[in-house]
Amino acid sequence: MNTPPSPNAPENRPVSAWQTATTTASSRARRRPGALTAGIALAVGSALVLSACSSGTAGPQEQAALTGSATEPVQGGVLEYGHLQEPNCIFGGWIQENFTARQVLDNLVSATEDGSVVPWIATDWEVSEDQLVWTLTLRDDVHFTDGTPLDAEAVAYNFDYWMDGGNGTAAAHLGGFYDHSEVVDADTVEIHLSAPFAPFLSTLSQSYFGLQSPTALQTRTVEENCTEPIGSGPFTVKDWKRGEYIEFERNEDYDWAPENARHQGPAYLEGIRWNIVPDGTSRYGSLLAGEMDAIGEVPAVNIAEARQRYDFTQYITPGRPVVINLNTERGIFTDQAVRQALSHATDREANIESAFLGTVPFEPSGYLSQSTPGYDADAAQQYPFDLEKANELLDGAGWTGRAEDGTRIKDGQRLQVKIVYGLNTIVTPDGNTAIQNFQEQARAAGFDIELRPLTPSENFSGAYSTPDSYDGSVGYWTSPHAGILNINYRPSTEEAPNGANTTFLDNEEVFTTIQQALQAPTDAEVTATFSEAQYQLSELAPAIGLYTQTNTLAVSDRVSGLWLEPAQGGPIFHDAHFTSEEARDSSQGFSAANAENEG
Amino acid sequence: MSVTTETLTTAPAQPSSPEPVRRGRPVTSTAALIGKKVLGALFVIWAAASITFLIQSLLPGDRATLLLNQQTGQVQERSAEELAPINEQFGFDDPLLVQYVTFLGGLLRGDLGISYTLYQPVTTVIGDQIVPTLVLTFTALAVAWALAIVLLLLTARRAPWVSRIFSGLESAAAALPQYWLGIILLVVFSLWLGLFPVVSGSGTAGLVLPALTLGIPLAGFLAQVMRAEFERTMDEPFVLTARARGMSDGGVRLRHVLRHSLLPGLSLTGWAVGAQFSAAVIAENVFARPGLGRVLVTAVNGRDLPVVCGVVMLVALVYVITNLIVDTAYILVDPRLKEAA
Amino acid sequence: MTAQPQSQPRIPADAGTTGGVPAAPHPAGPVQSATWRRVPVTVWIAGVFAGLLLLAAFAPGVLATHDPRAITLGSPLAAPSWEHWFGTDQSGRDLYSRIVHGTTQSLLIGLGSAAVGVGLAVVFGSWAALGGRWADAVIGRAIEVLFAFPILLLAMVFIAVYGPSVQTLILAVGLGIAPGYARMVRAQVMSVRRSGYVQAAQALGHHPGRVLAQHILPNALRPLLAVLTLGIGQSIVWASGLAFLGFGVAPPSPEWGALLEAGRPYIIEAWWLEIIPGLAVLATALTATVLGKFVESTLEGER
């Protein structure tokens, strides 16, 4: 296997823990017969040290050794999983759709904890000298659940489908790079790019790039492809009661799990009932009451307890963390000194620690989250809490007057800014607390911040996305690699508008550096150049880091083998199984008849 | 039955008024009456849908941007190039009047359109969710009525302190924020006592707490409006007469007084139905129930116009039907209405 | 309807208000003749609480013990204590002081929405009752349309114009509760209009406006008082429901609906954040109702 230069190569990255688990993992593991007994400690680049249950970190050989053949996993049963938000479709460009797609669709490659990729449907790959042509070799034994083969033809079709409106997020990632696909033979496909794109494979590991049956896409209605996409994955959609649950059923033919799966062959579980439980208290309560075998998005207030009682995993999403993007085109924040002043003005670390009750890592960087390959911890630390510095910068910028309420004044204008954010869509209730803490702390330096939570309709409709509608806006963007900087900081031009540039930063130097990073020939150069870009951005201070976006998973001791996949943090059920037949039989199955058949 | 149209549609609660006789146009036939009623209902449904359509179309922000951003989970401006296919697909570029006519044309053919975000026909979206919502709404109504009547029979016009305490409790119940009540019920009965499932789903055991969440505040309201009437009726001469004839207190309450106090409760029920639909979303969220409330909120947030219009029209329809039933119930409760007309 | 038994001069009006057609003399003050000499203890309590509410609304600084915005990052979610009577919230802010400072906005929402709702109801309800068949038909239909209309949608319209503010909530909730009241007012006005003294006044050639203002409205609205005061609490509850759906007042406002919504995730670990603001809403609504009923019965007793 010819692994091309990638910014994700392990030796070039700070060690990162994608997944961190309960500190009591080993003690819990002893009580679970089928569970792995090794706890592998990983350290995150920053001061954060967490221990991790080896959820998927070990390679397949190790896996076999660890699980052993003595305790063959229990077969069958339907796992009850409680999830926060309901997707609109099983497959789509929204992160929620990414989670469900991962159960049903396979990808070309699979991401691992260290940021590299391992074979999945593509067993081998090669990139041309000029980095413009990727040749992928595919498995020859894979077929979709409608019986049609997953071959080079199908892969080429899917690329065109994603880029041509099939998946907006996929298009955002590869737009400007993807040119066309060519089928070489049944098992070989060439992807032609218009410009070098180093994080190509890492990008493909996201479920936005899940492979669907071209026959199904062409012959069935949009609705059918939305609610029951046909893939080749470990599960198929059995039923979807909107507002209540989605049922996934085992694909009995499945025999092409990614290399980093814990086992090959069909899933152990007969199926999954993916329950939609929007209220946090109810969701965690349903786990406590034993109604759910596992839940996602554990509320921050319950995390301390969940670490004790359950097999708890926290995934720190790579990409852009949750940051305040400052409007560099219009208003008060066009002045770099004012942006820097606000970056220094508050004790963000204490804020995040308090708002999230110590459960979510503070992210000093406004550009990349600490779990992103290529994250530069030093560049991230340029704006420690320093009120004096903030005051100096503001004085220097001419904001010398003070109003009665302490707000600074310059030429009769108050240092008043409006920060907008999508409440409960982009920002969680805990995030809302953090933003209010920020607002209050910034008063000391003389900032008067007006908070404007947006309704989902306002938020998504673009009414608050224009340069004249905000001084700051809060957002994040998940991505398995530092190439996200290109999406967020490519200057918007007449010919190629870039709405994703929410700071409206138009800086040629930063843009050039990012382009160099994307096209750098070696891993070391990719990382070094992305570091440079982070320093440049940090100096310009167009964004202020708050906290990392996280995914969490709490699993009861009735089941084992669940893990969060490293590209986007979605739960993987293919390797999950009940820990005993008793536990399995207490799950009701899809129906009484099914339960009997299990017997 | 020949109560005037007017009484039925707009003033069901005028049993005492001599108005229908004075002003009422004697209705020639039941068919004409039904025709008028249906026309009235259609008007209400059309108007509700039209206003919804207008509001949804005219709110600030761009609908195509909204759809695209929702599909990708991003918040940003979009280029004309990106938006063109969506505008093309849904006709957002057409003049508003054209869009409206298209929309009305669809309605006339019974085609409510296809959800912008779910890609399903609106009839399917609503059809899948209507049963749990109707079950919840009407169970909550039944709970409210049962609670209110029991309270009244037992406590109205008893010793002053009894009346006052229960009247106070009713006011308190009426002032309960539904989700405050819901979360407390959930914590106490599901999490602490384990009597009910935490995730209600659409099962029967899971119906109890959501129905109480919506039913208790409504019961407070109902009891409140009925108590006033109940206590007044207790002073009526005919009650005294009944007592004088040796009728027991319970008998008087049940057979004479209660009947009168039902009327205000019935009116309240008529208009509580619409509000219950809106409130249902709260119970649905807290107890993880499927239903139209959630569909409506999601659709409103996503400005999924066909779905919002569909739900609004449905609520209008349920409202109109409920009020028809209420009108009929009036006549059953107070036969004088029938004789009079 | 002429067959109406004479033994029963009064039949409930729409939505079961006291329904009394005031023209007909009461056989006897049916309600306890509440006069100032015999004010029930509940009314005293309500009165005192109302006084506190007004004090909190106009001079929150007198009652508050802390700055409602001052955060203490080290101690979020502290339980009630001598220092923080109602505990602290997720930012370490003093919940008691926040509730006190939130009174102004919450009362504004309660009273404002009730005023908007009742105001619209009086105008359109009387118009429907007195304006002839067409006015009645049109307004009647409009009311039905409003009933079917999700308040959420109204809130969105007003947020688009005013942002997430107290005005938005007042308008949305006011419009939301108006149709119910309008039907009540219409029914009352209709029944009062037919009463003897109104007809007498009309016969005497009094100006219609004067008849409406002096005779019809006072008599029609008096029995509605208790139900209308119920609307004050109801409005606060509705507003909190909108906060739940993300349509509340912008942070860091301590408006009670916003407090309720913010406290919900902490119901188990920090119950005070959810329970105490809920009790504040309840107590306020109860106070309004108790006082409303008292005033209503006093007015009836005096006549």
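Just so it is clear: chains get the letters A, B, ... in the order the sequence lines come, proteins before strands, and each one is counted from 1.
More than 12 heavy atoms of other residues, nucleotides or ligands sit less than 6.0 Å from atom CZ of C:F247. For B:F189, the CZ atom counts as loosely surrounded, since its 6.0 Å shell holds 12 or fewer non-hydrogen atoms of other residues, nucleotides or ligands.
Only the side chain of C:W238 comes within contact range of chain B, with heavy atoms under 4.5 Å apart. Of the two parts of B:I282, the backbone and the side chain both hold a non-hydrogen atom closer than 4.5 Å to a non-hydrogen atom of chain C. If you measure heavy-atom distances from B:V308 to chain C, the contacts under 4.5 Å come from the side chain alone. The parts of C:S240 that come within reach of chain B are both its backbone and its side chain, each placing non-hydrogen atoms under 4.5 angstrom from that chain. Proximity to chain B (any heavy atom under 4.5 Å) is shown, for C:V157, by both the backbone and the side chain.
Nearest heavy atoms, C:L286 versus B:A172: CD2-N, 3.6 Å. Listed here is the closest heavy atom pair of C:R141 and B:G40: NH2-CA, 3.5 Å.
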Original post:
How far apart are the C-alpha atoms of C:I275 and B:I184, what are their side-chain angles, what is the distance that settles it, and do they pass the side-chain contact (heavy atoms from CB on, under 4.5 Å) test?
Top reply: CA-CA 9 Å; C:I275 301 297; B:I184 290 174; 3.6 Å; yes

Original post:
Would B:N285 and C:F244 count as a side-chain contact (heavy atoms from CB on, under 4.5 Å) if you check the C-alpha gap in whole Å, the side-chain angles of each, and the deciding distance to 0.1 Å?
Top reply: CA-CA 10 Å; B:N285 254 295; C:F244 169 83; 3.7 Å; yes

Subject >> Verdict with supporting geometry, B:F43 and C:E144, side-chain contact (heavy atoms from CB on, under 4.5 Å) >> reply: CA-CA 10 Å; B:F43 171 84; C:E144 288 188 317; over 6 Å; no

**OP:** Dump the intermediate steps for side-chain contact (heavy atoms from CB on, under 4.5 Å) on B:L176 and C:V237, then the final yes or no.
**Re:** CA-CA 7 Å; B:L176 279 172; C:V237 170; over 6 Å; no

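Note: C:L279 leads C:L279, C:I139, C:V281, C:I232 in heavy-atom pairs under 4.5 Å with chain B.
Checked against C:I267 for a side chain to side chain contact (heavy atoms under 4.5 Å, CB included), the options B:V187, B:L191, B:L186 give a single hit: B:V187.
Within the model, atoms CD1 of C:I268 and CD1 of B:I183 stand 8.0 Å from one another, a figure rounded to the nearest 0.5 Å.
The main-chain N or O of B:A174 is found under 3.5 Å from a side-chain atom of C:Q234 such that the two form a donor-acceptor pair.
Proximity of B:Y319 to C:V145: side-chain heavy atoms (C-beta onward) are nowhere separated by under 4.5 Å. Two residues are said to be in side-chain contact when any heavy atoms from C-beta on lie closer than 4.5 Å; C:L260 and B:Y179 meet this criterion.
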